[in-house]
Structure formats: C-alpha cells, structure tokens
Protein chains: 2
Amino acid sequence: MIRLLIADDEDLIRGALVALLELEEDLTVTAEAATSTDAVRLAREHKPDIAVLDLEMPPADGLRAAEEIRSESPIKIILVTRHARPGVLRRALSAGVSGFVPKTTPATRLAEIIRDVAAGRRYVDPDIAASALTEDDCPLSDRELEVLRASRTGASIREIAAQVHLAPGTVRNYLSTAMAKLGVGSRHAAAHRAWEEGWI
Amino acid sequence: MIRLLIADDEDLIRGALVALLELEEDLTVTAEAATSTDAVRLAREHKPDIAVLDLEMPPADGLRAAEEIRSESPIKIILVTRHARPGVLRRALSAGVSGFVPKTTPATRLAEIIRDVAAGRRYVDPDIAASALTEDDCPLSDRELEVLRASRTGASIREIAAQVHLAPGTVRNYLSTAMAKLGVGSRHAAAHRAWEEGWI
DNA sequence: ACAATCACATGACATTTGTCATTGTTGGGC
DNA sequence: GCCCAACAATGACAAATGTCATGTGATTGT
C-alpha cells in the first residue's frame, strides 16, 4: 500500500484528487494539507511514501515546501503544476523532486505515475522536458529577476528601489538590460514576458 | 439521475472532478469538455441537466460559454472558479448562472450544491455574496476597462491605441481617469489592481 | 601582480508618460 | 428641453522613464 500526502490550497481540487486516488486499491491518502507550511509539518508527522504537492500554494510555494521536506527525510515528491514551463522544471529538479506533472496530464495517468515514483523511478512530463532541452535558458541575472519581480504590481522605480534596497538609477539600469535581453520596450512588458516564461 | 457536463481545461482537474462526482449514485457525467467552445457544442449535443463550467477556460472564458449555453437552452449552469471576486459574481449572475462555487469550497459540498441546483434552487458562495453586497462596485466605464485590458501585457500607449482603434491622446485620457478612480499612479498599477478585483 | 569581470552607482539626455484645460457628440433620465 | 455621463479628440506642460557613458570598489582568473 502506497501512503500519500496531498497538498493543494484549493479544497475542491484537493478533495477531487483524493477521491480520484482513493479509487485505486494500492493507494491511500494519509494526510491532506492546504498550505505549504502544513505540508511540511504533516510530512514530518505522517512520514508518507510520497508527497503530491501543488506548486502554486501559499504562503511559500510548493517548491520551497519540497526543498524543506527533502532536507529532513527521503520522502519522494511529485510536483503538480498549472504553470508547466521549462524554467520551473529546472528549479524543481534541482530541488530533488521525483515527479513533475502538469495539470494537463490525463487524470488516469496520475496513479500510474505515483506507482512509478514509488518504485524508485522518476517521472517528468515529456513535453516539458523536450522544451526544457531545446528552449534557451533564462538569460536574466539574479538582480534583474529581483527587480522584475518587484515591477509586477506596477510599482514606480522609486518604489522598486526601496523594495530591493538599491539606488533608483541602479534599478533603471537592471531594468534596461533586462528589457534589452527580452527584446521589449518597457519594464512592464519585460515583467509580463518573464512571468509568462516562468522565470519570476 | 442527474446528467452532468463537466468543463475544465486542465485534464487532471477535470478527471478528478469526474471521479469525485461519479462516486454519487444519483449523478452521472455524460460529457467532458476542455475548451469553452467544446462546452457549448457538447451542451447542445448532449442536453445535460446541469453544466459545471470552470471560469478560467480558453479560448473564451467560462462566462462567455455560460451565456451562449443559456441563450439556446434552459440547461442550468454552475460556475467553478479560482478567482472568486465580487465583480465576477455580478457578471455571472447577470449571465443567468444558477451556481457560483469558488475552488475553496470543500469537495464534499459540490454534490449537494448540484442537487440543490437540479431541484431549481440557486447556490451562491456565502462569503462572496457578502462581500459583493458590501464592497463597492466597479467604478470604471466600458472604455476604461477596455484600455486597461489592453495594458495588461505592458504595451505602450501607441500599441494600446492601435489595439482599441482610438487616438493615443484619448487612450491616455481614459487611462488617466481610470488611474484617478483607482487611486494609483500608473496604468500598470491600475491594470494590476483592476485584475485583482476581478474587473478585467 | 595585473587584467578582466561584476555589482553598484551617478549624471546627462531624449522619449514616454500622466495631467489638465478645452471642445464637441451622443444618448438617457427627469 | 435641460442636465449629466460616457465617448472621442487635441494641445501644452511637468514628471517619470529608458538609454548611455562613465566611474568605483570587490572578486576572480591567470
């Protein structure tokens, strides 16, 4: 019997996933979490075989939770995500997750993937893996990503500078290089593009 | 037996929802759709009792699909959404939907809600309904919303003007009034705010 | 030890923006 | 009929923004 922890902030989705997986005779859900912090705590308490985590989960995202769980136990992790971009996959793999499943995967496949991972294999969505290999990597530096993240809400240069503790001029330089790298004409377009690509 | 159409662009979620609902003896899923256009077509072909539509669904959103389905048959609609804001509820109700369910609803409630709607009642999430009554309505005019929608991707004034077929100066005026109404200092902040509120 | 590189910063400059005043049309509501 | 709101546009002005050249410490590579 494979023991599972399911974590997703949306109760409806989480409940539906549990219903789906409980239909399988060799799977059982021993814990449910609605937040990343609960996921870490319940993983510690219940020691499931596999934790199925949604990537988009407050307060810290599923990736952070995955790293934390992996750091203290050998529980295998399967990340489920809506936002299946190559950049995210890269970060997930370096965090040591065993499975990477976009929400576009047919529901019937999920149980099979869980069994695969339980057997010690890894599963990565083939489409994403392919584009991760062909698509070019994120060309932005850490600082560029940081200022772009801060621009997401439409903040002014001054506000961004205050947020990241840099001089306004420096912020403008980082934004300028980021815009040049992304081939767009404003930081807002750059932030939008970087978000689409899964880089921020 | 209540016959259902389930529409959600994410295969995993859709499959999980089907599994959840098929557990109930008095419910059966007769059709599944992954796009809003498929949803409209399948509703026409299968004539289910109730259509459960995800609000976030390409190419046109679930609201558009709901309007179209209602315009040609008395099939009842339940909208499921991640983005449960009062503004969205308002639009949904005027489109004639019978149920409005945020994804934060416990999974066990969904079947009950479906039975309620099948019995001719309406269901609206109480939390959202409450805030829809207290929170202030969207203060923006149609044109203001239109230019804000076009700003979402970080486009320049000229690009927005081309998109909405207006003079650049006019676009600036609309954006200016929208910014004033929302109390922010840039169109990007305004677009972000309007999006957060579920207005665009 | 020396250059090369990087992270951070400044100042000057042209362009893009947001603001405001003003004009005009249209369609409802009272 | 009158008033008001939404819609459409123009011109002028100040502030914000993006670009570029340049400079300074630190770190790194050889």
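Throughout, protein chains are lettered first and strands after them, A, B, ... in sequence-line order, and every chain is numbered starting at 1.
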Could you encode protein contacts along nucleotides 22-29 of chain D as a string, one character per nucleotide from 5' to 3', using B for base contact, S for sugar-phosphate-only contact and - for no contact, with a heavy-atom cut-off of under 4.0 Å? --------

Classify every nucleotide of nucleotides 8-13 of chain C by which part a protein heavy atom approaches to under 4.0 Å, writing B for the base, S for the sugar-phosphate alone and - for neither, in 5'-to-3' order. SBB-B-

Does anything in residues 183-195 of chain A come within less than 4.0 Å of DNA chain D? Heavy atoms only, and list the residues if so.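 Within this stretch, A:S186, A:R187 sit under 4.0 Å of the strand.
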
Rounding to an integer number of Å, can you tell me how far [X] [atom1] sits from [N] [atom2]?
| X | N | atom1 | atom2 | answer |
| --- | --- | --- | --- | --- |
| A:R158 | D:dA15 | CZ | P | 11 Å |
| B:L175 | C:dC20 | CG | P | 15 Å |
| B:D142 | C:dG28 | CG | P | 14 Å |
| B:E144 | D:dA8 | CD | P | 11 Å |
| B:I157 | D:dA9 | CD1 | C1' | 14 Å |

For [X], look at atom [atom1] and say whether over 12 heavy atoms of other residues, nucleotides or ligands are found less than 6.0 Å away.
| X | atom1 | value |
| --- | --- | --- |
| A:R64 | CZ | no |
| B:E72 | CD | yes |
| B:R122 | CZ | yes |

Starting from A:L5, walk the hydrophobic network (Ile, Leu, Val, Met, Phe, Trp, Tyr; side-chain heavy atoms closer than 4.5 Å) and list everyone else you reach, by chain and number.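 Besides A:L5, the hydrophobic cluster comprises A:L42, listed by chain and residue number.
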
[X] and [Y]: same hydrophobic cluster, using ILVMFWY side-chain contacts below 4.5 Å?
| X | Y | answer |
| --- | --- | --- |
| B:I75 | B:V29 | no |
| A:V40 | A:L4 | no |
| A:I78 | A:M57 | no |

In terms of side-chain geometry, is the basic nitrogen of [X] or [Y] positioned less than 4.0 Å from the acidic oxygen of its partner?
| X | Y | answer |
| --- | --- | --- |
| A:R70 | A:E67 | no |
| A:E146 | A:R143 | yes |
| A:K103 | A:D54 | yes |
| B:E112 | B:R115 | no |

Difference in axis direction between the ends of the helix from C:dA1-D:dT30 to C:dC30-D:dG1, five pairs, 10°: 40°

Just checking A:S141: base, sugar-phosphate only, or nothing, at a heavy-atom cut-off of under 4.0 Å? nothing

Qualifying residues under salt bridge (Lys or Arg N to Asp or Glu O under 4.0 Å), relative to A:D142, sequence neighbours excluded: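 Listed in chain order: nothing, the list is empty.
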
Which residue lies toward the 5' end of DNA chain D, A:A155 or B:K181, if each is placed at its nearest nucleotide?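 Closer to the 5' end of DNA chain D: B:K181.
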
So, is B:S176 near the phosphate of C:dT19, with a side-chain N or O under 4.0 Å from OP1 or OP2? yes

With rounding to the nearest 0.5 angstrom, report the CD1 to OG distance, B:I113 to B:S98.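 With rounding to 0.5 Å, CD1 (B:I113) is 12.5 Å from OG (B:S98).
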
